[in-house]
A.B. asks: 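What follows is a structure written as structure tokens; I'll ask about it next.
By convention in this document, chain letters (A, B, ...) are assigned in the order of the sequence lines, proteins followed by strands, and residues within each chain are numbered from 1.
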Number of protein chains: 2
Amino acid sequence: MRASDRAYATLRDDIIEWRLRPGTVLAEVEQSERLGISRTPLREALGRLTAEGLTTASGGRGVVVTDISLDDIDQLFELRETLEGRAAALAAERGDALTFQKLHHEFLQAPALIQADDPARHEYYDLVGRLDSAIDSAISNTYLAQAMRSLRVHLVRVRRLAADDAGRLTSAAAEHAAIAEAIAAGNPRLAEAATMLHLHRSLSHVKATHTPH
Amino acid sequence: MRASDRAYATLRDDIIEWRLRPGTVLAEVEQSERLGISRTPLREALGRLTAEGLTTASGGRGVVVTDISLDDIDQLFELRETLEGRAAALAAERGDALTFQKLHHEFLQAPALIQADDPARHEYYDLVGRLDSAIDSAISNTYLAQAMRSLRVHLVRVRRLAADDAGRLTSAAAEHAAIAEAIAAGNPRLAEAATMLHLHRSLSHVKATHTPH
DNA sequence: GCGCGCTCCTCTGTATACAGAAACTCTTCC
DNA sequence: GGAAGAGTTTCTGTATACAGAGGAGCGCGC
């Protein structure tokens with residue numbers, strides 16, 4: 001793996017997990033020494049982060065970690081509603097029913113995963129990731145899939161702001177199950193509606209439990 | 001202006017205007033000598049192009065200019081429909097009526113611009129760009145606006161494939177006028193419908209006059 | 001004659017050196 | 001005491017040198 005890839009992955013995770021707080025200045029020499037690489041690959045990593053919107057080039061003072069305001073979250077979910085609503089509808093039209101039937105059943109059994117004593121809930125979030133991937137490939141549209149992937153980076157960051165307690169995750173699992181079921185049934189409008197419902201509740205939960213940093 | 005910015009703008013235009021054909025290998029030393037700059041800023045430019053999807057990193061053989069297939073055009077317009085339909089609806093809800101009334105009147109007089117003896121139709125495309133910008137700022141959603149901007153790069157490239165004759169441009173102007181009118185009237189569903197109609201006709205025209213390169 | 005393997009060569013990935021620009025600070029003047 | 005300006009310092013932007021990896025071409029063997 002290239003040094004610039006490692007630097008990118010490390011910095012991206014540090015930002016997403018809020019180890020690097022918004023407003024932090026990422027000076028090139030400082031970060032290159034911290035990561036044990038030269039300035040050249042680090043610059044490439046910073047460029048990618050800036051293109052994604054996780055950092056912004058702030059004048060001559062290096063790049064700084066961007067903040068996420070409440071207004072940003074609203075905008076993020078507005079775009080998410082647009083993209084994922086359409087994606088769910090397309091998946092219902094074009095997807096493989098069996099794949100989503102299996103995911104549907106997995107989500108029905110998700111409460112067991114949530115009760116497992118893993119504070120990070122790896123297994124559950126892995127299941128959510130598999131549903132996202134299944135939709136991505138079902139829609140057969142690389143541009144739409146790419147747009148959703150670039151959104152998810154920011155959404156993971158927002159998720160860390162909210163207290164994802166077991167109660168909310170159990171409800172979310174039921175909502176995901178409804179989405180998978182509607183796609184498996186080949187019902188575009190129902191899939192879109194189920195997605196809207198899920199996103200509305202997610203946004204409400206985030207805004208309710210949002211802890212200003 | 002930075003050398004990397006100039007290199008990016010030059011290469012981007014060369015690709016969009018089809019001066020650099022799909023499949024062309026952009027070797028670093030070759031291009032850096034052609035543009036009269038060093039490899040370092042050129043690498044940054046190539047990185048940005050690859051992030052946008054205009055080029056792809058092809059193994060150890062440098063980056064190559066991506067192709068646009070008929071299937072790509074379908075996918076592109078599918079995403080465009082999703083994003084611009086929603087954007088038009090949001091603009092109708094949140095936009096300033098006077099701004100779009102003015103644009104509406106300008107589009108009604110657009111046939112004169114199209115008849116002007118400018119083969120590139122600068123004035124007309126400038127007007128289209130102003131409508132896009134007006135929608136971008138009216139929606140008050142930087143993430144959605146950003147997604148549409150990244151799409152437009154590819155769409156300009158597609159536009160160059162089609163023969164944009166005066167007849168089609170006159171029809172397109174009328175469709176744009178309808179979009180602006182609906183937004184000015186504050187009617188979200190009508191704005192979305194007018195956008196759908198315009199995109200459907202644009203796609204039909206592109207596919208009808210598409211000349212395989 | 002065809003296929004496999006080796007060698008050479010070119011290209012990317014990385015490190016470092018240098019120059020220009022921007023910001024901070026200290027001093028001086030009002 | 002405050003503000004403006006010059007000096008200094010540190011940063012980014014660019015160029016170049018070096019090393020490793022990958023591919024192409026040629027030769028050898030079957």
Side-chain angles (χ1 to χ4, degrees), chain A residues 1-16 19-67 142 146 149-150 153, chain B residues 1-16 19-67 142 146 149-150 153:
Chain A
M1 182 185 265
R2 297 183 301 179
S4 60
D5 290 337
R6 273 187 290 119
Y8 166 75
T10 303
L11 287 172
R12 180 171 151 278
D13 281 0
D14 282 346
I15 294 174
I16 286 177
R19 286 188 291 268
L20 285 172
R21 305 292 281 271
T24 306
V25 176
L26 301 179
E28 293 185 0
V29 285
E30 173 198 349
Q31 292 298 318
S32 63
E33 286 172 4
R34 182 171 81 94
L35 300 173
I37 58 173
S38 175
R39 277 183 57 210
T40 310
L42 181 85
R43 279 179 70 87
E44 188 186 319
L46 291 179
R48 272 200 266 176
L49 292 171
T50 302
E52 277 185 307
L54 291 177
T55 58
T56 49
S58 160
R61 207 56 179 169
V63 304
V64 297
V65 179
T66 54
D67 199 1
T142 56
Q146 179 60 34
R149 261 193 298 275
S150 68
V153 178
Chain B
M1 181 183 269
R2 297 183 300 179
S4 61
D5 290 338
R6 274 186 290 119
Y8 167 75
T10 303
L11 287 172
R12 181 171 151 278
D13 281 0
D14 283 346
I15 294 174
I16 287 177
R19 287 188 290 268
L20 285 172
R21 305 293 281 271
T24 306
V25 177
L26 301 179
E28 294 184 0
V29 286
E30 173 197 350
Q31 293 299 316
S32 63
E33 286 173 3
R34 182 171 80 93
L35 300 173
I37 58 172
S38 174
R39 276 182 58 211
T40 309
L42 181 85
R43 280 179 69 87
E44 188 185 318
L46 291 179
R48 272 199 267 177
L49 292 171
T50 303
E52 276 184 308
L54 291 177
T55 58
T56 49
S58 162
R61 209 55 180 168
V63 305
V64 298
V65 179
T66 53
D67 198 2
T142 56
Q146 178 60 34
R149 263 194 297 274
S150 67
V153 178

A.B. asks: What's the CE-P distance between B/M1 and C/dA21, to the nearest Å?
C.D. replies: 16 Å
A.B. asks: Which nucleotide, C/dT14, D/dA15, D/dG13, lies nearest any side-chain atom of B/P41?
C.D. replies: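 The answer is D/dA15.
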A.B. asks: Give a yes or no on whether a donor-acceptor pair under 3.5 Å exists between the nucleobase atoms of C/dT14, that is its base, and the side chain of A/S4.
C.D. replies: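 For A/S4, whose side chain was compared with the base of C/dT14, there is no donor-acceptor pair (under 3.5 Å).
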A.B. asks: Is the distance from OP1 or OP2 of C/dT12 to the nearest side-chain N or O of B/R43 less than 4.0 Å?
C.D. replies: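 No, because none of the side-chain N or O atoms of B/R43 sits under 4.0 Å from OP1 or OP2 of C/dT12.
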A.B. asks: Taking A/D14 first and then A/R21, would you say they form a salt bridge - that is, a charged N and a carboxylate O separated by under 4.0 Å?
C.D. replies: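 Salt bridge: no.
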A.B. asks: Should the pair A/D5-A/R48 be classified as a salt bridge under the 4.0 Å nitrogen-to-oxygen rule?
C.D. replies: yes
A.B. asks: Taking for each residue the nucleotide of DNA chain D with the nearest heavy atom, is it A/V63 or A/T40 whose nucleotide lies nearer the 5' end?
C.D. replies: A/V63
A.B. asks: What is the distance from CD of A/E28 to C1' of C/dT16, rounded to the nearest Å?
C.D. replies: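 Atom-to-atom, A/E28 to C/dT16, this comes out as 14 Å.
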A.B. asks: Whole angstroms only, please: what is the CZ-P distance between B/R39 and C/dT10?
C.D. replies: 15 Å
A.B. asks: More 5' along DNA chain C: A/R2 or A/S38, using each one's nearest nucleotide?
C.D. replies: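 Result of the comparison: A/R2.
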A.B. asks: Which of these passes side-chain hydrogen bond (donor to acceptor under 3.5 Å, both in side chains) with A/R39: A/E44, A/E28, A/Q31?
C.D. replies: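 It is A/E28, the one option of A/E44, A/E28, A/Q31 that forms the side-chain hydrogen bond (donor to acceptor under 3.5 Å, both in side chains) with A/R39.
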A.B. asks: Which listed nucleotide (C/dG13, D/dC11, C/dA17) is nearest to the side chain of A/V29?
C.D. replies: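 For the A/V29 side chain, the nearest candidate turns out to be D/dC11.
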A.B. asks: With A/V63, which of A/L26, A/L11, A/T24 fulfils side chain to side chain contact (heavy atoms under 4.5 Å, CB included)?
C.D. replies: A/L26
